[in-house]
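Below is one structure, written out as structure tokens; comments come after it.
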Amino acid sequence: MKLIRSDARGFVFHFSKREKQLLLQTLQLYPLVPAAHHRLARSAESPEELERQRLLEEALAEHRRENRRQVQAFLEEPRRFVEVESGFQLALSAPQVEWLLQVLNDIRVGSWLALGEPEPGEEPQPDRHNAHCLLALEVCGLVESVLLAALGVQESPRWR
Amino acid sequence: MAETITLPDVEREEQTGSKSGLEPAWLVICWNDPVNLMTYVTHVFQVVFGWNRQKAEFHMLQVHRQGKSLLARTTLEQAEHYVHQLQKYTLHATMERES
């Protein structure tokens with residue numbers, strides 16, 4: 001996957017046939033983060049805090065339903081990927097890139113949770129129930145990196 | 001060679017919430033989830049708070065190196081809004097009343 005061009009209308013990315021398959025397979029996993037994962041506060045005990053938590057969960061559930069609907073439309077649109085000689089091209093507007101980042105990171109974080117939240121450098125121990133999460137984790141990370149680079153967000157040497 | 005970078009004056013900037021004493025302030029905190037890409041966290045901070053790259057990177061590095069970063073000190077409604085926006089991007093964000 002790589003950025004071919006960007007202009008005021010948005011971005012055009014190139015995918016190989018395998019990359020396209022992997023992205024579409026991965027998107028079908030959305031949503032992957034359990035609803036109870038998001039907490040407004042580290043410990044909610046008072047009635048006001050519990051009510052705020054309930055409202056947050058409702059709002060996030062609605063957001064996820066809308067995202068799921070958009071993922072389904074994305075997967076079912078036959079002309080989403082335009083076949084070219086060397087693979088496929090995908091055109092995305094800036095809001096679509098933002099949406100795709102949110103969806104991919106849900107799948108990435110959900111995969112990480114399913115793999116037991118391994119620390120950096122720690123080898124995940126997948127089993128037959130979550131082995132697919134290892135691939136999803138990598139696919140989401142790769143696609144996110146390309147999308148972020150297209151938006152101009154690059155790693156800085158001083159981060160290390 | 002040691003690199004010198006100028007960091008935002010976070011403490012002063014965070015003191016823009018309610019300081020009248022009439023309304024308690026709420027703190028928005030982002031916690032480290034090591035799975036998130038550093039570029040991703042930087043980008044989300046820029047989008048949600050409208051920060052420039054330098055300030056977003058400063059807070060991203062604080063999350064990365066210290067495990068958490070205080071992102072905002074603000075009203076209850078605004079804190080809820082920020083936490084909701086950060087969680088839409090699957091960042092681990094919470095809010096708490098300033099003690």
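- Taking chain A as the reference chain and counting heavy-atom pairs below 4.5 Å, the highest number among B:P34, B:A93, B:A56 is found for B:P34.
- Within the 4.5 angstrom heavy-atom criterion, atoms from both the backbone and the side chain of A:L40 approach chain B.
- Of the atoms belonging to B:T42, it is side-chain heavy atoms, and not backbone ones, that fall under 4.5 Å from chain A.
- In this model, a donor atom of one side chain and an acceptor atom of the other lie less than 3.5 Å apart for A:Q53 and A:E57.
- Between B:Y82 and B:F49, the two ring planes are tilted [angle within 30° to 60°].
- When heavy atoms are compared at a cutoff of 4.5 Å, A:L151 approaches chain B solely by way of its side chain, counted from C-beta outward.
- Dense packing is recorded around CZ of A:R54, with more than 12 heavy atoms of other residues, nucleotides or ligands lying under 6.0 Å away.
- Contacts between residues 86-111 of chain A and chain B, defined by a heavy-atom separation under 4.5 Å, are made by A:E98, A:L101, A:Q102, A:N105, A:D106, A:R108, A:V109.
- Contact annotation for A:H38: both backbone and side-chain heavy atoms come within less than 4.5 Å of a heavy atom of chain B.
- Here the shortest heavy-atom pairing between B:A79 and B:W26 reads CB-CB, 3.8 Å.
- Counting non-hydrogen atoms of neighbouring residues, nucleotides and ligands closer than 6.0 angstrom, the CZ atom of A:R68 exceeds 12 such neighbours.
- From B:E57, atom CD reaches atom CG of B:N52 across 9.0 Å, with rounding to the nearest 0.5 Å.
- Both A:L148 and B:V41 belong to a single network of hydrophobic side chains, linked directly or stepwise wherever heavy atoms of I, L, V, M, F, W or Y lie under 4.5 Å apart.
- Comparing B:E96, B:M95, B:H92, B:K88 by heavy-atom pairs within less than 4.5 Å of chain A, the highest count is held by B:K88.
- Using a 4.5 Å cut-off between side-chain heavy atoms of Ile, Leu, Val, Met, Phe, Trp and Tyr, with links allowed through other members, A:V143 and A:L3 fall into the same hydrophobic cluster.
- Interface remark: A:L137 contributes side-chain atoms only to the contact with chain B (heavy atom separation under 4.5 Å).
- With rounding to the nearest 0.5 Å, the separation of CE in B:M60 from CZ in B:R53 is 8.5 Å.
- Among B:V35, B:T94, B:V47, B:V44, the residue making the largest number of heavy-atom pairs under 4.5 Å with chain A is B:V35.
- The shortest heavy-atom contact between A:R39 and A:L56 is C-CD2, 4.2 Å.
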